[in-house]
2 protein chains.
Amino acid sequence: MTRASSRRPGPPTRTERGIPEATVARLPVYLRALTGLSDSGIATASSEDLATAAGVNSAKLRKDLSYLGSYGTRGVGYDVEYLRYQIAREIGVTQDWAVVIVGIGNLGHALANYSGFGTRGFRIVALLDADPNLIGERIGDMEVRDFAELEDIVKADRVSIGVITTPAGPAQEVCDRLVAAGVTSILNFAPVVLSVPDGVDIRKVDLSIELQILAYHEQRKSGEAGLPEVPELPAMNGLTDLPSVGGGVGA
Amino acid sequence: MTRASSRRPGPPTRTERGIPEATVARLPVYLRALTGLSDSGIATASSEDLATAAGVNSAKLRKDLSYLGSYGTRGVGYDVEYLRYQIAREIGVTQDWAVVIVGIGNLGHALANYSGFGTRGFRIVALLDADPNLIGERIGDMEVRDFAELEDIVKADRVSIGVITTPAGPAQEVCDRLVAAGVTSILNFAPVVLSVPDGVDIRKVDLSIELQILAYHEQRKSGEAGLPEVPELPAMNGLTDLPSVGGGVGA
DNA sequence: CCGATTTTGTTCTCACGTTCACAAGCTCCT
DNA sequence: AGGAGCTTGTGAACGTGAGAACAAAATCGG
């Protein structure tokens with residue numbers, strides 16, 4: 001059925017199995033929405049129903065799903081279980097992915113305990129930290145192990161995803177070690193920009209950035225007319241008078 | 001080719017002080033990069049330097065900054081402290097924002113302890129939960145208070161930002177209460193789609209979605225040629241045989 | 001069996017975001 | 001002082017994404 005071309009050679013940018021990144025980012029949302037409908041005993045849902053459950057508009061949802069194939073039935077809608085399976089397969093969560101968490105501070109602790117972590121598809125195989133005081137501590141049914149064991153663990157359990165929950169300082173080094181050990185996907189919670197070689201995917205979750213984005217819009221709302229009115233040259237007391245120790249320009 | 005000449009010559013879409021959303025999302029990154037440079041004693045930086053520190057390309061960075069005004073000096077670069085101040089002001093973190101955290105489970109705990117939270121600009125004024133067993137518990141220098149006190153706290157401290165770290169179940173109700181109390185910006189960690197009235201901003205941080213996006217790309221890498229090869233009609237044993245209790249189409 | 005009705009899949013258009021390329025403007029050296 | 005050398009700010013091309021609209025396909029009632 002896939003009438004790939006047969007049209008104008010104009011925009012052939014449709015990579016045969018390349019799904020737009022924006023769509024990929026929404027597929028997990030659809031998956032969750034479908035799971036919710038399924039749990040409610042709903043067997044069939046229209047794009048409108050699904051879109052409402054997922055918080056998007058129905059045209060966008062239909063277009064997104066069309067990248068996966070024609071899994072709906074015109075005049076009827078989508079079979080919830082069937083579509084759920086197809087999306088899960090496309091995302092890759094029909095198989096299990098081994099995950100290590102590095103940095104067992106407050107956040108690492110929270111993630112280790114987060115049951116919803118394994119929304120099926122992900123299996124935490126190790127909690128790692130370099131702090132001797134933490135090594136050996138039990139969290140749930142796991143035990144914190146020495147970061148030095150990383151390479152062995154990655155090889156033994158075929159770990160492909162690493163989660164970094166260390167402070168900013170050691171994050172890049174941890175990242176390098178993960179990559180060297182063979183991890184090819186990283187989820188970073190440390191507030192730094194990590195650099196990785198090509199072929200390694202990295203995603204960032206940054207609390208303070210999210211808050212700052214909210215603050216920007218908040219300022220717009222409350223201070224609609226009360227903005228600081230652009231102090232082009234504010235009192236730079238003590239700001240520009242830095243020692244200029246190693247500045248690229250400082251004398 | 002481009003016969004778009006019939007359009008308006010000058011796209012006045014430049015809302016006088018309207019900064020593109022994509023740019024807003026990067027400003028906090030620039031702010032952090034500038035702070036890092038500042039801490040290193042760097043007084044001046046070129047767009048190339050900054051772009052490297054922020055993990056973006058320099059053209060994008062320059063365009064982003066141009067929305068704020070002309071704060072650089074041609075042939076020289078940007079004064080680190082001055083630019084930092086301007087971005088901080090634009091985002092709104094030169095003032096303090098009062099924040100409440102609702103749901104003091106593992107994640108709420110972690111956030112409450114997260115010192116970097118107050119990367120200056122944000123002040124946690126209350127930790128709330130509805131569980132009597134948690135109320136009164138001390139976390140750092142704060143104490144968990146009853147969610148019922150929400151309205152009083154919001155009014156007293158002029159809280160405009162709420163962070164939801166409850167499980168999925170109560171999240172929407174908590175959200176509604178926050179909005180009713182006057183909170184106009186929400187950061188949601190619960191794995192549900194929340195609906196809010198116009199005028200309320202909401203941002204979502206979702207661990208399992210991030211992991212699933214990584215999984216998708218990971219599958220592409222490892223299984224380049226070994227994909228399940230589209231089982232158009234997989235064994236739907238027990239999947240389509242649901243009771244179809246409330247399906248819009250059942251019967 | 002056929003037309004009315006429903007809902008998908010797709011096309012088209014517009015808006016947004018990214019990148020390139022270069023003129024404008026600043027500093028420094030001769 | 002004047003030109004060489006940088007670096008910013010921006011105009012224009014390009015690519016991606018969103019939404020409206022509609023033709024195609026399936027069901028259902030008569």
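The chains referred to below are lettered A, B, ... by the order of the sequence lines, with proteins before strands, and numbering in each begins at 1.
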Self-check item: salt bridge (charged side-chain N to carboxylate O under 4.0 Å, His left out) involving B:Asp49 - partner list, sequence neighbours excluded
Solution: none
Quiz item: By side-chain contact (heavy atoms from CB on, under 4.5 Å), which residues pair with B:Asn57, not counting sequence neighbours?
Solution: B:Ala59, B:Lys60
Exercise. Find the distance B:Gln86:CD to D:dG9:P and express it as a whole number of Å.
Key: 12 Å
Practice problem: Send over the distance from A:Leu65 CG to C:dT7 C1', rounded to a whole Å. | Solution: 13 Å
Quiz item: Is B:Glu81 reaching over with its side chain to a backbone N or O of B:Ser38, donor-acceptor style, under 3.5 angstrom?
Solution: no
Quiz item: Which distance, rounded to the nearest 0.5 Å, do you find between the CG of B:Leu34 and the CD1 of B:Ile42?
Solution: 11.5 Å
Quiz item: Choosing from C:dG9, D:dG9, C:dT27, which nucleotide comes nearest the side chain of A:Ser70?
Solution: C:dG9
Exercise. Please report, rounded to the nearest Å, how far the P atom of D:dG19 is from the CG atom of A:Leu61.
Key: 12 Å
Exercise. Send over the distance from A:Leu27 CG to D:dG17 C1', rounded to a whole Å.
Key: 15 Å
Quiz item: Roughly, in whole Å, what's the span from CG in B:Asp64 to P in D:dT8?
Solution: 14 Å
Quiz item: Whole-Å distance between D:dG15 P and B:Lys60 NZ?
Solution: 16 Å
Quiz item: Any side-chain N or O of B:Tyr78 less than 4.0 Å from the OP1 or OP2 oxygen of D:dG9?
Solution: yes
Self-check item: Separation of atom CD in B:Glu21 from atom P in D:dG17, rounded to whole Å
Solution: 17 Å
Quiz item: Would you say the base of C:dT8 and the side-chain of A:Arg74 have a donor-acceptor pair closer than 3.5 Å?
Solution: yes
Practice problem: Check salt bridge (charged side-chain N to carboxylate O under 4.0 Å, His left out) between A:Asp96 and all other residues, then give those that pass, not counting sequence neighbours. | Solution: A:Arg123
Exercise. Under 4.0 Å from any atom of DNA chain D, heavy atoms only: list the residues of residues 46-58 of chain B that qualify, in numerical order.
Key: B:Ser46, B:Ser47
Quiz item: Under 4.0 Å: is that the gap between some side-chain N or O of A:Arg26 and OP1 or OP2 of D:dA18?
Solution: yes
Quiz prompt | Heavy-atom closest pair, residues A:Gly162 and A:Val183 | solution = N-CG1, 3.5 Å
Quiz prompt | Stems formed with participation of DNA chain D [Watson-Crick or G-U wobble, under 3.5 Å, three or more pairs] | solution = C:1-30 with D:1-30
Quiz prompt | Proximity to the side chain of B:Val76 - top-ranked nucleotide from C:dG17, C:dT27, D:dA26 | solution = C:dT27
Practice problem: Can you check whether any acceptor in the base of D:dG19 is under 3.5 Å from a donor in the side chain of A:Lys63, or vice versa? | Solution: yes
Exercise. Write down the distance between CZ (A:Arg62) and P (D:dA24), rounded to a whole number of angstrom.
Key: 16 Å
Practice problem: Please list, chain by chain and in numerical order, all residues satisfying salt bridge (charged side-chain N to carboxylate O under 4.0 Å, His left out) with A:Arg203, sequence neighbours excluded. | Solution: B:Glu210
Quiz prompt | Heavy-atom closest contact (A:Ala190 atom, A:Asn188 atom, distance) | solution = N-OD1, 2.8 Å
Exercise. For the pair B:Arg89 and B:Tyr85, evaluate side chain to side chain donor-acceptor pair (under 3.5 Å) and give the outcome as yes or no after the intermediate values.
Key: CA-CA 6 Å; B:Arg89 188 178 52 77; B:Tyr85 173 78; 4.6 Å; no
